[in-house]
2 protein chains.
Amino acid sequence: MKPSVGIRDVAQHAGVSNATVSNVLNRPDVVAPATRQRVLAAIAELGFVRNESARQLRAGRSRVIAYVVLDAANPFFTDVARGVEDAAREAGLALFLCNSASDDSREREYLELLHEQRVEGILITPVDGASAQFAERGTPLVLVDRESTDGTRCSVAVDDVLGGELAVTHLIEAGHTRIAMIGGPLSIQQVRDRHEGALRALAGAGLPPDALTLLETKDLQVAEGRGAGERLVGLPSSRRPTAAFCANDLLALGLLQSMTQQGLRVPDDLAVVGYDDIDFAAAAAVPLTSVRQPREQLGRTAAQLLLTENEPDHEHRHVKFQPELVVRASSAVKR
Amino acid sequence: MKPSVGIRDVAQHAGVSNATVSNVLNRPDVVAPATRQRVLAAIAELGFVRNESARQLRAGRSRVIAYVVLDAANPFFTDVARGVEDAAREAGLALFLCNSASDDSREREYLELLHEQRVEGILITPVDGASAQFAERGTPLVLVDRESTDGTRCSVAVDDVLGGELAVTHLIEAGHTRIAMIGGPLSIQQVRDRHEGALRALAGAGLPPDALTLLETKDLQVAEGRGAGERLVGLPSSRRPTAAFCANDLLALGLLQSMTQQGLRVPDDLAVVGYDDIDFAAAAAVPLTSVRQPREQLGRTAAQLLLTENEPDHEHRHVKFQPELVVRASSAVKR
DNA sequence: CTCAGCCGTTAAAACGTTTCAACATGGAGG
DNA sequence: CCTCCATGTTGAAACGTTTTAACGGCTGAG
């Protein structure tokens, strides 16, 4: 079951030295065709599988990068991951996905493990800005969808302030003057930025800051969106917002569902704008207006940045993408 | 940047031998408290990170399992993965996720890599039943959401024939006599099984087999569901089905969206039943009736099975779960 | 004072590769 | 006939751990 056939078994079987076998594996061109065939035959016959640990130990390289993702159940991140993987495989690297599930200690454990594995590099969307202090351990590390505050490493992010501004400006132009912002917790940088963008939009339109009601949520999942919907409907109708800007699409989908359940129509009774533009947003029964982030490109760029990390004259870069508003039925112009 | 501080640097710094450092790392109880402290201090001071490759090479063990997932963008699989991860971490193992994205060659590459990495075990939802011939390479491997045809390895699956039967029986009892089945390609075992279940339900109710119209799709994504919706509406109303059973929830969501876009109501004009009961199904604007698979438990069980693989008297087992129908608004009883 | 037994520590041998300098072989050029 | 070079191949030394058997010092019993 575990015969553990090694390179020297192959060598012996093919009547060559182990160095030659290694050459066949790593620099096939340097070995004579006849010998190469013989070695390959022996490999196939013995069912030899190269031991990556040994290889890595000796060679130092590892051919693997990892992406520590914040929430594998959020389609936004799986889309980012797809971009990462495409770029990685173009560079001949494989991608391991690790799910921190928004859990501090899981994140730490995975980082530790990845360091021990000596992966070629790490991409991470960290759990929280606060604890984002990663001990420098010699493994290149790039932040994804977070901006590196100190200039100590590369990062790829999206301008969330602008995103918030786009969303709320759109709602204002559609005629809304009482708007809810749904999202939380505020400890998350993204949420703060999008909120700030929303406020900026009000200011730009000459509306008072209290035109925006903040409904804070515990997390960014569908269930919280439903809860927020109930809270919203519970407000006295004179003060109830006519539009809602959600910090991500999961919340928006929850909100949407809550509205239909309570017999309210979207967008007539409440206009809704989400954030991320995940595929389910377009596929919702009331297609969701959303702020699109370049998901695949985010991942792709992050991976490319990572690859430049161990160039000799590397300087840390901070790429920032522009979000884009995608208007759909959920925020049709108010009559 | 890459000082590569090793165990013997630590040893020297703490004034002990490298064996003692190794003991501190692996069997802390066996070394005197005073020495242990000194070694730990040295480790911290030098920022030593154990080299997993070397450890693994010598010790043979690896503390990592992997799940090669069919489609990381499908919430069903991320939920299964969550179950896998929970079980893995209880056993002190970490989980690497690999996304084959329904691509044969990616799947092969990842399997090869994982074998080379000498991971402790592999879980896989393979791309296709046909090519599911994995060369036995000594790494334990368990099939997830697929049944092992030959008895050569463990598998964890769900009774898809029963699932199809439940879904269609439910529609028949609600008064429908013209039913569409949407799904494909038929090369996928799951789709075939669910279709068979649907036919069985017809037979059980005394309906002729042509009461079921099969609309075959190219894959199981949202877009194909939308397309099927258009095909469906294009049928002459005398022959148009009044209910649809979709092979998974993504298709069902696409179908739902297509219906609303075309001004048809669900369930009044068309009742819809999905499959998988992903969270987005309940969160859809018309909450989706769906066949629930025990997603987390599927993953959890698969992981546990994997752990038993290298017990001396191991026998391959095939666990099969029962699906369960969850009735929601999308299939309310026909008046 | 000796000896057995225990405890903590250590030297050295693996683990399976890659890599580098050195080595055969044989033909071309002088 | 000698030298030189090119082409293929090889022996042996790493890589950084874990592990095993042996070791020295100390304690308490005889």
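Lettering of chains follows the sequences in order, A, B, ..., and the numbering in each one begins at 1.
Counted by atom type alone, A:R55 and A:N26 present one or more donor-acceptor pairs between their side chains at under 3.5 Å. Side-chain contact of A:N18 with A:Q12: a donor-acceptor pair under 3.5 Å is absent, judged by distance alone.
Between the CD atom of B:E52 and the P atom of D:dT17 there is a distance of 11 Å, given to the nearest Å. Nucleotide D:dT19 holds its C1' atom 12 Å from the CG atom of B:N18, rounded to whole Å. Rounding to whole angstrom units, CG of residue B:N23 and P of D:dT18 are separated by 9 Å. Atom CZ of B:R8 and atom C1' of D:dT18 are 12 Å apart (whole Å).
Of the two residues contacting DNA chain C, namely A:N51 and B:T20, the nearest-nucleotide position lying further toward the 5' end is that of B:T20.
For A:T35, a side-chain nitrogen or oxygen approaches OP1 or OP2 of D:dT9 to under 4.0 Å. Listed pair B:R27 / D:dT18 fails the phosphate criterion, with no side-chain N or O lying under 4.0 Å from OP1 or OP2. When the side-chain nitrogen and oxygen atoms of A:R58 are compared with OP1 and OP2 of D:dA14, none of them lie within a distance under 4.0 Å.
Distance from the side chain of A:S17 is smallest to D:dT10 among D:dT20, D:dT10, D:dT18.
A:R36 comes within 4.0 angstrom of nothing in the nucleic acid, heavy atoms only. Using a 4.0 Å heavy-atom cutoff across all strands shown, A:R50 reaches sugar-phosphate atoms only and no base atom. Within the nucleic acid shown, B:A19 comes within 4.0 Å of at least one base atom, counting heavy atoms only.
A:S100 places a side-chain N or O within 3.5 Å of a backbone atom of A:V69 that can act as its donor or acceptor partner.
Partner A:E52 forms a salt bridge (charged side-chain N to carboxylate O under 4.0 Å, His left out) with one of A:R58, A:R61, A:R63 and no other, that one being A:R63. Checked options A:Q189, A:K320, A:H318; the residue passing with A:E147 is A:K320 (criterion: side chain to side chain donor-acceptor pair (under 3.5 Å)).
Read 5' to 3', the first and last nucleotides of DNA chain C with an atom closer than 4.0 Å to a heavy atom of chain B are C:dG8 to C:dG16.
Side chains of B:D103 and B:V127 form no contact here, defined as non-hydrogen atoms less than 4.5 Å apart.
Between B:E109 and A:R89, at least one side-chain nitrogen of the basic residue sits less than 4.0 Å from a carboxylate oxygen of the acidic one, meeting the salt-bridge criterion.
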